[in-house]
There are 2 protein chains.
Amino acid sequence: MNHEEQLEQIKHRVSEQIAENMKSYGFPGTIGRVIAAIYYEGRALDLDELAEQTGMSKTRMSQVLREMVHYNIAEKAFVRGSRKDHYTVEEDYYQTFISLFTSNWRDVVTRNRKIESRIMHDLKKITNDPTATEEIKEKAQLYIADSKASMAYYNWIEKLVELFESQQVFDIVPKPNPDQEKNEVPRFK
Amino acid sequence: MNHEEQLEQIKHRVSEQIAENMKSYGFPGTIGRVIAAIYYEGRALDLDELAEQTGMSKTRMSQVLREMVHYNIAEKAFVRGSRKDHYTVEEDYYQTFISLFTSNWRDVVTRNRKIESRIMHDLKKITNDPTATEEIKEKAQLYIADSKASMAYYNWIEKLVELFESQQVFDIVPKPNPDQEKNEVPRFK
DNA sequence: AACTTTATACAAAATAAAGTGTACGAATTG
DNA sequence: CAATTCGTACACTTTATTTTGTATAAAGTT
């Protein structure tokens, strides 16, 4: 294996590594391959190019990029002279990490608040029902307390999301070595 | 549907809700059902009881509980007079949240450090190879910079894990309403 | 030591998720 | 306005994960 091939192979290993990380985080590995492809090309790619680079179908690219846009880790880039959609990805690792988790957590909070409020409604109907026994009402009261505690917990997650999204987290846990390492965002290629 | 049944149905909805959350976080939904079952019973349960409560096979319970112990969200509880394994779960939502993510992130950091160090080794071999062209060496040098940046990033994640595990995160994002809500840990049942 | 009881390894089945190919509608071009 | 290009909806296939059933090993009991 010559040097050129060795470097290609390393690109491939990095790509797979990122894919594995995405899987660990509960996202499709293909997201990782897309990130790597765009990183290494160093420019916005269109769906055909991405399909080519990742060895996936164009259909799949369409799906994955939509997911990535939803998670705020990719965005359409305007490329003059082409009517294809081109995509760039967030190039700051830290930001990608933050976006993945915060958008996920935010979705969870939204969903759970809806469910909790419906449950709370049903429980209150029981505690206000004159035909319900004392025993039942007591139990319902306990569940109401649980539900309130859950709501408080979702508020906490929301606050946590804000800590990350506001970048305040970097005041608490600073990015390492801002002088020894390059100060700019790490870029591939 | 009578009141008793309504309360049962709410338990079931909460159970499914937690299951969905686990799926969102990239973990099997069954973990959520186990948490709910033990919460609602209010005591350590054995594998047979858990299988019964969650409607899963005993085999699956064995697997899931092992996973949960690995993620630090369940532990074996000693129950005198029984030789079955009994399990309790972490009852503090916040702690469960923290454990799930930190153990996951920690695994990612460990795995990636190993891979990066192997990649770094291969790249250094190229930069030190007298038969390699200048162009190749330059490219390798760029990849080395990338790899260093990645390492720094994994250090950051590790620090983030420490922020959560040390409970310091609660100094930054406090648990809400420590007086209005009950001060103790929320408990089901 | 034979008999239970319990947990889990292993293979197979069921379910869920990822990925593909065709087809169609919207936008663009000639 | 016919022809082309592009993205994606939809139905389908493939692959991966979850879950089960059987079999076995380890530990406890008689």
Side-chain angles (χ1 to χ4, degrees), chain A residues 15-16 18-38 44-71 73-88 100 104 107, chain B residues 15-16 18-38 44-71 73-88 100 104 107:
Chain A
S15 181
E16 284 311 303
I18 301 175
E20 277 309 309
N21 293 347
M22 291 302 140
K23 284 206 239 172
S24 293
Y25 296 159
F27 298 91
T30 304
I31 286 185
R33 294 190 193 94
V34 167
I35 291 174
I38 297 177
L45 297 183
D46 63 43
L47 289 181
D48 287 308
E49 291 171 319
L50 283 169
E52 160 83 26
Q53 290 282 329
T54 61
M56 299 265 132
S57 68
K58 198 178 173 183
T59 301
R60 184 56 184 151
M61 282 307 105
S62 181
Q63 295 169 337
V64 166
L65 269 295
R66 188 159 29 164
E67 279 187 73
M68 291 177 72
V69 168
H70 174 257
Y71 296 134
I73 57 170
E75 57 180 5
K76 290 197 187 190
F78 175 73
V79 173
R80 59 169 283 155
S82 170
R83 59 192 173 103
K84 293 188 180 184
D85 291 350
H86 288 249
Y87 292 91
T88 50
L100 284 174
N104 190 359
D107 289 351
Chain B
S15 181
E16 284 311 301
I18 301 174
E20 277 310 308
N21 293 346
M22 292 301 141
K23 285 205 239 171
S24 293
Y25 297 159
F27 298 91
T30 305
I31 286 185
R33 295 191 191 93
V34 167
I35 291 175
I38 297 177
L45 298 183
D46 63 46
L47 289 180
D48 287 308
E49 291 172 319
L50 284 168
E52 160 83 26
Q53 290 282 329
T54 62
M56 298 264 134
S57 69
K58 197 178 173 182
T59 302
R60 184 57 183 151
M61 283 306 106
S62 181
Q63 296 168 335
V64 166
L65 269 295
R66 189 158 30 163
E67 278 186 74
M68 291 177 73
V69 167
H70 173 257
Y71 296 134
I73 57 170
E75 56 180 5
K76 290 198 186 190
F78 176 73
V79 173
R80 60 169 284 156
S82 170
R83 57 195 171 96
K84 292 188 181 184
D85 291 348
H86 288 248
Y87 292 90
T88 51
L100 283 175
N104 190 0
D107 289 350

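Order of the sequence lines fixes the chain letters, A, B, ..., with proteins taken first and strands second; residue numbering starts at 1 for each chain. As a basis for the values below, the full set of heavy atoms in this structure was taken, side chains included, without hydrogen atoms, waters or symmetry mates.
A distance of 10.0 Å separates OG1 in A:Thr30 from CE in A:Met68, rounded to the nearest 0.5 Å. Atom CG of A:Leu47 and atom CE of A:Met61 lie 8.5 Å apart (nearest 0.5 Å).
A donor-acceptor pair under 3.5 Å links the side-chain atoms of B:Asn104 to the main chain of A:Ser24, judged by distance alone.
B:Arg66 and B:Gln63 share no donor-acceptor pair across their side chains, judged by distance under 3.5 Å alone.
If you take CD of A:Glu20 and P of C:dA18, they are 13 Å apart, rounded to a whole angstrom. Here the P atom of nucleotide D:dA9 and the NZ atom of A:Lys58 are 14 Å apart, to the nearest Å. Between B:Leu47 atom CG and C:dA9 atom P the separation is 13 Å, expressed in whole Å. C:dA17 atom P lies 15 Å from atom NZ of A:Lys23, rounded to whole Å. In this structure, A:Met61 places its CE atom 8 Å from P of C:dT20, rounding to the nearest Å. Between the CD atom of B:Glu67 and the P atom of D:dT19 there is a distance of 9 Å, rounded to whole Å. In this structure, A:Leu65 places its CG atom 11 Å from C1' of D:dG7, rounding to the nearest Å. Following rounding to the nearest Å, B:Gln63 (CD) and C:dA12 (C1') show an atom-to-atom distance of 13 Å.
Looking at which nucleotide of DNA chain C each of A:Met56 and A:Arg83 is closest to, the 5′-most match is held by A:Met56. Closest-nucleotide positions on DNA chain C for B:Tyr87 and A:Arg33 were compared, and the one nearer the 5' end corresponds to B:Tyr87.
Counting atom types as modelled, A:Thr59 pairs a side-chain N or O with a base atom of C:dG21 as donor and acceptor under 3.5 Å.
For B:Arg60 and C:dT15, the shortest distance from a side-chain N or O to OP1 or OP2 is not below 4.0 Å. Side-chain nitrogen and oxygen atoms of B:Lys84 include none within less than 4.0 Å of the OP1 or OP2 phosphate oxygen of C:dA7. Note on B:Arg66: a side-chain N or O is less than 4.0 Å away from OP1 or OP2 of C:dA9.
Note on B:Gly55: only backbone sugar-phosphate atoms sit closer than 4.0 angstrom, heavy atoms only; bases stay farther off. As judged by a 4.0 angstrom heavy-atom cut-off over every strand, B:Asp85 is placed among residues touching the sugar-phosphate backbone only.
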Residues A:Lys84, A:Glu49; criterion side chain to side chain contact (heavy atoms under 4.5 Å, CB included); working and verdict: CA-CA 11 Å; A:Lys84 293 188 180 184; A:Glu49 291 171 319; over 6 Å; no
